[in-house]
Asker: 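What follows is a single structure, and I will ask about it in a moment.
Naming: A, B, ... by sequence-line order, numbering from 1 per chain.
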Amino acid sequence: MVLCMRPLRILIAKPGLDGHDRGAKIIARALRDAGMEVIYTGLRQTPEMIAEAALQEDVDAVGLSILSGAHNTLLPRVVEALRARGLGDIPVFAGGIIPEEDVPFLKAHGITEVFGPGTPLETIVHFIETHTPRRARPEPSAT
Amino acid sequence: MSEQLSWRAPRALARLLTAIENGAPEALAQVQTLYRQTAHRAHIVGITGVPGGGKSTLVAALTRALREQSRTVAVLSVDPSSPFTRGAILGDRIRMRGISGDPGVFIRSLASRSAPGGIAAATADMVTALDAAGFDVIFVETVGAGQDDVAIARLAETVVVVEAPGLGDDIQAIKAGLIEIADILVVNKADLPDAQRTAQNLAAALALGFETQGHHGPSLASSPQAGAPSGRAGWRVPVLLTSAAHDQGVAALIDALQQHRAWLETSEEGKHRRLRQAEAEIRARLYAQLMRAALAHIEHGALERWAAQCAQHRAHPEEAARALLQAILPKLCSSST
């Protein structure tokens, strides 16, 4: 009973150097209002910092907001850093200013979904609720 | 199995913490074993105080300083859950950016999940797991605390209450509650005007208490005896000025933490305190277990029916609670755990 009621834990991070986190905060707020526990790391995170936070916080999904244009470099590196820590099963979604033509490349490099500007918040909430496989698994006993 | 639980294996640790937080039965069984194996190994430090006082920034500054001494540090940082959606935004990592990425530092954010008192229900068990993993110092940062959020006092060995300048007069400083649980009082943001005066007010308020107990007054950071135990039974609560964002006053705070730990380990009061904490923890768990058992036995819809009566002032909530209790007492007594 306790297990099925547990809130999802989601890491929201901003990789790279752009200093605009309004979008990230709106997503964080929307996920909070959907009953999730959102770990928000703030600006200017390296892929390693993001993966380390995902590991320590044992999150169900990682959301990346990026407006700098460096998404084709940075987002695959986040996925690699997660895989290097054995966290390849955590879904990674992205948002921000990402041109449509870059989406197939990103998906080929491990990004589960990309949400462009104007995506309804319910769409993102629904996506997370239906793409968090770690939640369905029984809790590992960690022995 | 606990041999494998180590700060060097953060993933297994992170997963155990999740299982504890979610009340997984096998994790709780493991914690009980770990508890027996970890008697006062890590220094468990509570950091509490008003929202926005700089608790997270102070924890980050302390962690940096401890890492320079090659001590490993775990941080459990609690932020509030929404009472409506149960969601939460856990933002304490923002202030701890400078210390993440160091394998000797483990930071875990947790939502209060509406537990009263400023920490989450699972916090004590998560501390046990971190202790078993071998961290030297464990910081537990509470939610931004109100005057009455004193649950950290039954968990932490050393409680640091963080105040900010300009938040209240000298009467605020002698009210009961949060300030009373301080082993160390910190006035953070000491670069702001009024910091000295706030510290003086707090020191004067503490001195009143010491006078009534026949002890010497507390001392300010500027005096040479700051933080020194006052000879016999008592611990003098030092009032320290820090500016965590500028790494000022942090070394003095580290010294005070270490002095307090040493005092706990050598004084009778330290032993008594552990007894009182254990008793308070048992009471808290008894209360939680009783509530769970009671709620499980209340007839479906009975509470809601009483609520409808009480909402219209046709019944008093006390009457409702008594009636519900009367109805479940026989069931509670006959059911074995």
Asker: Looking at chain A, which one of B/L110, B/D92, B/T85 has the largest number of heavy-atom pairs inside 4.5 Å, strictly under?
Answerer: B/T85

Asker: Could you tell me which portion of B/V105 (side chain, backbone, both or neither) has an atom closer than 4.5 angstrom to a non-hydrogen atom of chain A?
Answerer: backbone

Asker: Within the supplied structure, the quantity of interest is the number of heavy atoms (other residues, nucleotides, ligands) at a distance under 6.0 Å from A/L17 CG; does it exceed 12?
Answerer: no

Asker: Answer whether the closest heavy-atom distance between the side chains of B/E21 and A/R6 falls below 4.5 Å.
Answerer: no

Asker: Do you know which two heavy atoms are closest between A/R32 and B/A88, and how far apart they sit?
Answerer: CG-N, 3.4 Å

Asker: To the nearest 0.5 Å, how far apart are CD1 in B/I107 and CD1 in A/I39?
Answerer: 12.0 Å

Asker: Who passes side chain to side chain donor-acceptor pair (under 3.5 Å) against A/R83, sequence neighbours left out?
Answerer: none

Asker: Measure distances from A/L43 to the heavy atoms of chain B and classify the residue's part below 4.5 Å as side chain, backbone, both or neither.
Answerer: both

Asker: Check each atom of A/A53 against the heavy atoms of chain B and say whether the ones under 4.5 Å are side chain, backbone, both or neither.
Answerer: both

Asker: Evaluate side chain to side chain contact (heavy atoms under 4.5 Å, CB included) for A/E37 paired with B/D79, printing each intermediate quantity in order.
Answerer: CA-CA 10 Å; A/E37 293 177 355; B/D79 268 330; over 6 Å; no

Asker: Going by side chain to side chain donor-acceptor pair (under 3.5 Å), name the residues that satisfy it together with A/R29, two or more places apart in sequence or in a different chain.
Answerer: A/D33

Asker: At a heavy-atom distance under 4.5 Å, which candidate from B/G91, B/P103, B/G87 has the highest pair count against chain A?
Answerer: B/G87

Asker: Can you check whether B/P10's main-chain N or O pairs, donor with acceptor, with A/Q56's side chain at less than 3.5 Å?
Answerer: no

Asker: By a 4.5 Å heavy-atom criterion (distance strictly below it), what part of B/R95 contacts chain A: side chain, backbone, both, or neither?
Answerer: neither

Asker: Please report the interatomic distance CG(A/D58) to CZ(B/R15), rounded to the nearest 0.5 Å.
Answerer: 6.0 Å

Asker: Checking the side chain of B/S109 only, and the main-chain atoms of A/E57 only, is there a donor and an acceptor separated by less than 3.5 Å?
Answerer: no

Asker: Do you know which two heavy atoms are closest between A/R9 and B/R108, and how far apart they sit?
Answerer: NH2-NE, 3.3 Å

Asker: Take a 6.0 Å sphere around CZ of B/R41 and say whether it holds more than 12 heavy atoms from other residues, nucleotides or ligands.
Answerer: yes

Asker: Pick one of side chain, backbone, both or neither for A/M36, based on which atoms fall under 4.5 Å of a heavy atom in chain B.
Answerer: backbone

Asker: Is the OH atom of B/Y35 crowded by more than 12 outside heavy atoms at less than 6.0 Å?
Answerer: no

Asker: Check this for me: A/E100, atom CD, are more than 12 non-hydrogen atoms of other residues, nucleotides or ligands nearer than 6.0 Å?
Answerer: no

Asker: Considering all heavy atoms of both residues, which atom of B/I89 and which atom of A/Y40 are nearest to each other, and what is their separation?
Answerer: CG2-CB, 4.5 Å

